[in-house]
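Have a look at the structure below before the remarks.
When a ligand or atom number is given, it counts from 1 through the structure's own listing order. Quick note: numbers below take in every heavy atom, side chains included, and nothing from hydrogens, waters or symmetry partners.
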Amino acid sequence: MSKQTKKKQKWVHKDLLGLEYLSHDDIILLLDTADSFREILDRTIKKVPALRGKTVVNLFYEPSTRTRVSFEIAAKRLSADVINIATETSSVRKGETLNDTGRNIEALKADVIIVRHNCSGAATMLARNVNISVVNAGDGWHEHPTQGLLDIFTLRKKFGRIEGLNVTIVGDIAHSRVARSNIWGLTKLGARVMVCAPDILIPPGIEDMGVSVTNDIDEALVNADAVNVLRMQFERDEKAVFPKQLEYFKKFGITEERLKKAGRDITVMHPGPINRGIEISSKVADGVNSVILEQVTNGIAVRMAVLFWLSQARENNKNETIG
Ligand code: CP
């Protein structure tokens, strides 16, 4: 019998800009690596030397609690040095562009820039202008790849698989980078994704991403293994097109009654921050089927995996692709 040799998965990406640009195997590699790092987080000494001597810079042009802190903890667990730049107190206030800021961070010999920006495509533009790695921590309405990965990681931990799962995403699909990253990642791994929102919050052509669409919350829940509840993004609602908050909760809010009506145990997720009483009731958010805080913890392991593989790509001098 011939001996089968397992092909070693290669990571070639200089940057992490979106799940759209990763293959099925890239995503599995990140999830499997995150599994090993997740175990480290429960040890007494939660630190490994993988990124010793490396410097990670958090460059956030938008507010963040979970993503910024999670990246900082992830980098520190890997023994990297971490610098946080608050754009309000940096030279961004004097008119410095994102590209110039990035090139100066590179000149300061950092190895990775984690960037959050309100413009879709900002992380991609920065990645094209610096030789060091760039991680998209959320760009406008485009993608939030590490949130997508940590959501998928949490589902895989809970169900042991992604293929064949029915995942419903409810809420502000139109403005949601989290929805886009989840859709790219989940469909690549074989999940069935349904999105549910009022018409004005469904972007035209979303079906082309391989999802089904409904305005009926009961239909969205009846076959769901998990529901990912999105935050209503009032800060992006320049034209005030959202329905009134109470009206939204009445029609689309995730409540105990709605989950009970579906007649099955539905795992409840939310990327945070939560608007209690607007998209989700407190009882559901804090209930037995909620994995919202597990998502937050798992985010550290996923971000450790991302930082680890980006650093491996640099070490191996395989900076061939943007993706
Ligand atoms: N989920 C998420 O991106 O949260 P923050 O805005 O707090 O980073």
Side-chain angles (χ1 to χ4, degrees), residues 16-20 30 34 38 56-77 82-88 112-123 134-155 157 167 169-186 195 201 226-237 254 267-276 278-280 284-286 290-307:
L16 177 67
L17 303 175
L19 298 193
E20 178 179 1
L30 289 172
R38 180 66 187 80
V56 173
V57 173
N58 269 327
L59 177 63
F60 278 56
Y61 289 76
E62 277 191 341
S64 169
T65 300
R66 278 146 293 271
T67 312
R68 197 196 62 71
V69 175
S70 179
F71 266 115
E72 180 165 356
I73 293 174
K76 286 180 171 169
R77 295 285 176 258
V82 184
I83 310 290
N84 290 301
I85 297 182
T87 51
E88 306 77 39
V112 185
I113 302 175
I114 317 290
V115 65
R116 170 170 288 189
H117 204 284
N118 62 343
C119 294
S120 299
V134 172
V135 180
N136 180 6
D139 61 329
W141 304 354
H142 172 227
E143 278 223 40
H144 189 349
T146 56
Q147 182 68 47
L149 286 168
L150 77 87
D151 291 346
I152 294 166
F153 179 86
T154 304
L155 282 171
K157 263 193 118 40
V167 182
I169 305 173
V170 181
D172 183 1
I173 312 294
H175 297 87
S176 178
R177 53 200 181 203
V178 174
R180 270 173 203 79
S181 288
N182 265 273
I183 292 169
W184 282 118
L186 286 167
V195 297
L201 298 180
V227 59
N228 201 342
V229 189
L230 301 178
R231 182 174 70 87
M232 294 297 289
Q233 299 193 38
F234 297 106
E235 75 276 19
R236 300 197 202 277
D237 184 22
I254 301 300
T267 297
V268 176
M269 309 171 76
H270 193 304
I274 293 171
N275 295 143
R276 290 171 187 265
I278 296 175
E279 70 261 357
I280 191 168
V284 172
D286 303 327
S290 168
V291 292
I292 294 171
L293 293 178
E294 283 169 50
Q295 288 172 260
V296 177
T297 307
N298 292 338
I300 303 171
V302 162
R303 289 174 176 124
M304 287 170 81
V306 167
L307 293 173

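Listed by chain and residue number, N298 satisfy the side chain to side chain donor-acceptor pair (under 3.5 Å) test with T154 (two or more places apart in sequence, or in another chain). With sequence neighbours left out, the side-chain contact (heavy atoms from CB on, under 4.5 Å) criterion links N58 to F60, R68, F71, E72, V82, N84, I114. Under the side chain to side chain donor-acceptor pair (under 3.5 Å) criterion, R66 pairs with no residue at all, not counting sequence neighbours.
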Anything under 3.5 Å between an N or O on ligand 1 and a protein N or O? List each pair with its distance, or write none.
{"from": "ligand 1", "atom 1": "1 (N)", "to": "Q147", "atom 2": "OE1", "distance (Å)": "3.1"}
{"from": "ligand 1", "atom 1": "1 (N)", "to": "P271", "atom 2": "O", "distance (Å)": "2.8"}
{"from": "ligand 1", "atom 1": "1 (N)", "to": "G272", "atom 2": "O", "distance (Å)": "3.2"}
{"from": "ligand 1", "atom 1": "3 (O)", "to": "T67", "atom 2": "OG1", "distance (Å)": "3.0"}
{"from": "ligand 1", "atom 1": "3 (O)", "to": "R116", "atom 2": "NH2", "distance (Å)": "2.9"}
{"from": "ligand 1", "atom 1": "3 (O)", "to": "H144", "atom 2": "NE2", "distance (Å)": "2.9"}
{"from": "ligand 1", "atom 1": "4 (O)", "to": "R66", "atom 2": "NE", "distance (Å)": "3.0"}
{"from": "ligand 1", "atom 1": "6 (O)", "to": "R116", "atom 2": "NH1", "distance (Å)": "2.9"}
{"from": "ligand 1", "atom 1": "7 (O)", "to": "T65", "atom 2": "N", "distance (Å)": "2.8"}
{"from": "ligand 1", "atom 1": "7 (O)", "to": "R66", "atom 2": "N", "distance (Å)": "2.9"}
{"from": "ligand 1", "atom 1": "7 (O)", "to": "R66", "atom 2": "NE", "distance (Å)": "3.2"}
{"from": "ligand 1", "atom 1": "7 (O)", "to": "R66", "atom 2": "NH2", "distance (Å)": "2.9"}
{"from": "ligand 1", "atom 1": "8 (O)", "to": "S64", "atom 2": "OG", "distance (Å)": "2.6"}
{"from": "ligand 1", "atom 1": "8 (O)", "to": "T67", "atom 2": "N", "distance (Å)": "2.9"}
{"from": "ligand 1", "atom 1": "8 (O)", "to": "T67", "atom 2": "OG1", "distance (Å)": "2.6"}
{"from": "ligand 1", "atom 1": "8 (O)", "to": "R116", "atom 2": "NH1", "distance (Å)": "3.4"}
{"from": "ligand 1", "atom 1": "8 (O)", "to": "R116", "atom 2": "NH2", "distance (Å)": "3.3"}

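The pair R180-D139 fails the salt-bridge criterion, with no side-chain N (NZ, NE, NH1 or NH2) lying under 4.0 Å from an Asp/Glu carboxylate O.
Taking all atoms of both residues into account, the shortest heavy-atom contact from V134 to A123 is CG1-O, 3.8 Å.
Applying side chain to side chain contact (heavy atoms under 4.5 Å, CB included) to L155 and the options V291, L150, N228, L186 leaves one that passes, L186.
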